Amino acid sequence: MATFDADDIMASAVELAGSDDFGSTDFREGLTVLCDSAGAEARLNDLGEMALRQNMIGGLTNRLKVVDWIRRHPEVAAEPVGAPLVVIGLFRAGTTFLSELLDQDRANRSLLRWEAADSVPPPSHSTYRSGPRVDAAGAAIDLLESLNPKIKVVHHEDAAGPTECLTLLGQDFKSLTWEAIANVPSYSRWLLDADHRSAYEYHRAVLQVLQSGGVRGHWTLKSPHHAIALEALTAVYPDAQLVLLHRDPAVLCASACSLLSTLTGTFSDTDHTSYIAEHWTRMLEVSIERIEAFRRAAPARRIIDVQYADLVSDPVGTVEAIYAGCGRELSPQARQAVCAYVNAHPRGRFGAHGYRLQDYGLDQGEVRERFADYVARYDVPFETGRT
């Protein structure tokens, strides 16, 4: 059984970063719970033990560098992060595709995969999409996908492409990112009850650092994690423009189970199928419950609802509709870039992602009944032939 020690992981990060100032220590509880949960429950293989440890150390190392950069460049604290467009979920409903479309508009500023993990020094225009740090992140992606080629089919991200906010939130140890490596039930229960405010405050500080290098624009962000922490998100970003994607919940559950089985299965040789099916179906349910509670508590707060079917059938029109909801217009140049991206990136270009509910002991009729109120509320069309 693997053991992980919070003090040891923090000490390793301090040695790598050359600094011992983590800023706020709010991350410590989450780190400790994650260490205990992973050691007792995850049943990691040797690769998984190494990957989880390296990711924890890497996250804290970046945090140390970010805090040190802000200390040495106090003007960063005045960097404005105004009205970010935030895709809040639902998971497996096309959030990645939408974030890639938004990234084609150069008036936007995406959080890129490489810079989320290696934020200091902040990128300049010449290093935003290329350079040694981008190459290093690309090599790490290639290595992971060579260890499990199915990952590329299920969820591929380019090093210089937009990524989830999960990585930054994970550097405060309040993030679903850790559940993409390990099945950690105790940590997950803690996470759902945790106050996420400190994670979003750190998230905002990193965005300020990243744009201070000169690469600015209208921030476009995304993560299904946001659905479980909307109060914290909007407390830190009170003017955030929220976008929510909807899709047949039977497909969402099957796709999520497939994704998490693929990811965590790389790092554990134990069969976690039953847990994954129960947990991620419940996580979808919690996400919807919290979104609805947020809407009831803040009826004036607009959330732009988007159907997955519309996104797939008319991606350009969907982007234009989202912009209109935000009081923006898609420029002719940006529209052309979005069209070009759609034409150059056909669906399933890395292979077909097949998934079936029955592979996880789930019944389509029971899942759809469980989410019947959600389907009716948003008039979500059922998909045939996918589950």
Side-chain angles (χ1 to χ4, degrees), residues 1-13 16 30-62 91-92 113 116-117 136-157 159 163-164 166-167 169-171 173 175-191 225 254-283 350-351 353-356 359-361:
M1 182 182 296
T3 58
F4 300 93
D5 181 77
D7 289 328
D8 176 61
I9 288 167
M10 291 171 65
S12 296
L16 285 172
L31 172 61
T32 301
V33 174
L34 176 62
C35 286
D36 293 344
S37 182
E41 300 166 331
R43 299 184 181 275
L44 297 167
N45 55 29
D46 290 345
L47 176 62
E49 292 180 23
M50 180 179 67
L52 182 58
R53 178 178 170 81
Q54 287 185 345
N55 274 271
M56 288 192 286
I57 294 171
L60 285 176
T61 300
N62 194 60
F91 57 77
R92 308 307 289 168
R113 174 151 175 172
I141 293 169
D142 291 343
L143 175 60
L144 179 59
E145 292 178 346
S146 71
L147 293 170
N148 187 349
K150 190 177 178 182
I151 292 175
K152 189 170 187 175
V153 176
V154 175
H155 184 71
H156 173 78
E157 288 183 344
T163 194
E164 305 264 3
L166 288 174
T167 301
L169 300 174
Q171 291 162 22
F173 289 87
S175 173
L176 290 173
T177 192
W178 304 111
E179 297 192 61
I181 301 174
N183 295 293
V184 281
S186 295
Y187 173 78
S188 184
R189 288 191 294 271
W190 174 86
L191 180 67
H225 176 102
S255 183
C257 288
S258 175
L259 170 66
L260 273 299
S261 293
T262 299
L263 294 174
T264 63
T266 307
F267 305 115
S268 174
D269 301 324
T270 300
D271 185 357
H272 293 277
T273 302
S274 181
Y275 168 76
I276 288 172
E278 177 182 356
H279 176 65
W280 289 99
T281 302
R282 178 56 185 155
M283 189 62 74
F350 296 124
H353 178 200
Y355 42 81
R356 304 183 307 167
D359 292 339
Y360 303 95

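Since the structure is predicted, the reported quantities are computational estimates derived from the model, not experimental observations. Index from 1, following the sequence.
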Report yes if some heavy atom in the side chain of [X] is under 4.5 Å from a heavy atom in the side chain of [Y]; otherwise report no.
| X | Y | value |
| --- | --- | --- |
| Glu278 | Arg282 | no |
| Leu60 | Met10 | yes |
| His272 | Ser261 | no |
| Phe267 | Leu52 | no |
| Asp36 | Phe4 | no |
| Arg356 | Asp359 | yes |
| Glu164 | Leu169 | no |

Spatial distance of atom [atom1] ([X]) from atom [atom2] ([Y]) [nearest 0.5 Å]:
| X | Y | atom1 | atom2 | result |
| --- | --- | --- | --- | --- |
| Met283 | Leu260 | CE | CG | 9.0 Å |
| Met56 | Thr61 | CE | OG1 | 12.0 Å |
| His279 | Arg189 | NE2 | CZ | 9.5 Å |
| Phe173 | Leu31 | CZ | CG | 4.5 Å |
| Leu176 | Ser188 | CG | OG | 7.0 Å |
| Trp178 | Ser37 | CH2 | OG | 12.5 Å |

Sequence-distant partners of [X], side chain to side chain donor-acceptor pair (under 3.5 Å), two or more places apart:
| X | value |
| --- | --- |
| Thr163 | Glu157 |
| Thr264 | Asn183 |
| Ser175 | none |
| Thr177 | none |

* Answer with yes or no whether the side chains of Ser255 and Arg92 bring together a donor and an acceptor at under 3.5 Å. =>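 Indeed, the side chains of Arg92 and Ser255 share at least one donor-acceptor pair under 3.5 Å.
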
Looking at every non-hydrogen atom in both residues, tell me the closest pair between [X] and [Y] and how far apart they are.
| X | Y | result |
| --- | --- | --- |
| Ala117 | Gln171 | CA-NE2, 4.2 Å |
| Cys257 | Ala277 | SG-CA, 3.7 Å |
| Val184 | Ala42 | CG1-CB, 4.3 Å |
| Ile181 | Leu44 | O-CD2, 4.2 Å |

* Verify side-chain hydrogen bond (donor to acceptor under 3.5 Å, both in side chains) between Arg53 and Ser12, making sure each step is shown before the conclusion. => CA-CA 10 Å; Arg53 178 178 170 81; Ser12 296; 3.3 Å; yes

* Asked: Does Ser268 use its side chain to pair, donor to acceptor, with the backbone of Arg43 at less than 3.5 Å?
  ->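 Yes, the answer is positive, given that a donor and an acceptor are paired below the 3.5 Å cut-off.
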
* To do: Start with the C-alpha gap between Glu179 and Leu191, add the side-chain angles, then the distance that decides, and say whether side-chain contact (heavy atoms from CB on, under 4.5 Å) holds.
  => CA-CA 11 Å; Glu179 297 192 61; Leu191 180 67; 4.3 Å; yes

* Asked: So Phe91 and Trp280, would you call those rings parallel, tilted or perpendicular, with 30° and 60° as cut-offs?
  ->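 Phe91 vs Trp280 ring planes: perpendicular.
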
* Under the side-chain contact (heavy atoms from CB on, under 4.5 Å) rule, collect the residues that match up with Asp7, sequence neighbours excluded. =>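 With neighbours one apart ignored, the set is Asp5, Arg28.
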
* With sequence neighbours left out, write down each residue that passes side-chain contact (heavy atoms from CB on, under 4.5 Å) with Asp142, or none if nothing qualifies. =>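 Here no residue qualifies.
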
